Amino acid sequence: VTRIRLIAGGIEATAELDGEGSPDAVRAFAAALPMDGELLGSVWSGNGCELALPEALRGVVGGGAASVDVPVGTLAIAASAGGAVLIIPYGIVKTHLATGPVAATRVARFVAGQNAFLARVERTFDEGAIAVRIVPEA
Amino acid sequence: MRLAIEVGGVIALARLHVEDAPAATRRFVAALPFEGALRQSRWSGETTYVHDPTLVDLALQRDSRAIPSERPRSIMCAGDIHYGPARGNIGLAYGQAQSRAIGGENTWGVHVATVERGLEELVGALRTIRVRGPLRFVIRADAA
């Protein structure tokens, strides 16, 4: 798998897996696909949404080029109180938990449909959670 | 003095900390009845907030990183009513929360009141905001 498709609120986008920083994290993320869940607004990390990931993915967080800064256009895995989450920023994101900053590991970057997808994701702040599906691109 | 807080059909009652925070509670009460839309915080954890410029009072707190002189709090607990005079915020936590600025820097506010009745129902209503979106809320002086 080299690309993934994200579908949320009727909007689709494509992202390319980015294993340069942490091949292990990307491999573990790709192995967990397809995934369905709910995109919820971040509560500690700023202008982004989070999708709860299988707990096993917590073990790959922090590897490679991990950083608290997750730029718009990228997707990253971060630790959460309950395990791990996929972070999708639509603005400034600095990954935090209650205890303070935590590093996130980048796993993908958008290559198509980014603007429309992130505009829909941002509306979760005003409208609440939305369902999301992430699948390997055929 | 007590406050009645209405959120999403739930009414909770809170005791205002007049003795420990006379200036902040006076300023807070002057804004009542207060209506707004409670939103999920993006930086401060399990808390909701409303921002209203009319609540700004720089005499009580010159900026959000400054520690107020009355009942200062950065950590917020469910049932605390948190007033941030520097930015004009009211915070109502439903779980683990800490007042933080954009970027995650810790900030401060005044703990002006504590919910004493209806806490469980209030927390339940506040918890829905992250999932369903903002809720209208009203704080008024309790006539009883």
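Within every chain, numbering begins at 1; the chains are lettered A, B, ... in the order of the sequence lines, protein sequences first and strands thereafter. Values in this document were obtained by computation on a predicted structure and should not be read as measured data. Side chains included, hydrogens not; waters and symmetry mates left out as well; all remaining heavy atoms used.
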Verify same cluster id: [X], [Y] (apolar side-chain graph, 4.5 Å):
X       : Y        : result
A:Leu75 : A:Ile11  : yes
B:Leu38 : B:Leu32  : yes
A:Ile77 : A:Val132 : yes
A:Phe29 : A:Val70  : no

Cut-off 4.5 Å, heavy atoms of chain B, and the answer for A:Ile130 is neither

Atom [atom1] of [X] with >12 non-hydrogen neighbours under 6.0 angstrom:
X        : atom1 : result
A:Ile92  : CD1   : no
B:Arg87  : CZ    : no
A:Arg133 : CZ    : yes

In terms of heavy-atom contacts, A:Phe125 and B:Gln40 come closest through CE1-O, 3.3 Å

In terms of heavy-atom contacts, B:Gly103 and A:His96 come closest through O-CE1, 3.3 Å

Please determine, among B:Arg39, B:Gln98, B:Gln96, the option with the most heavy-atom pairs under 4.5 Å with chain A. B:Arg39

Go through A:Asp69, A:Asp126, A:Val93 and name the one with the most non-hydrogen pairs under 4.5 angstrom from chain B. A:Asp126

Part of residues 33-52 of chain A lying next to chain B, heavy-atom separation under 4.5 Å: A:Glu38, A:Leu40, A:Gly41, A:Ser42, A:Val43, A:Trp44, A:Ser45, A:Gly46, A:Asn47, A:Glu50

B:Glu116 meets the salt bridge (charged side-chain N to carboxylate O under 4.0 Å, His left out) criterion, sequence neighbours left out, with B:Arg15

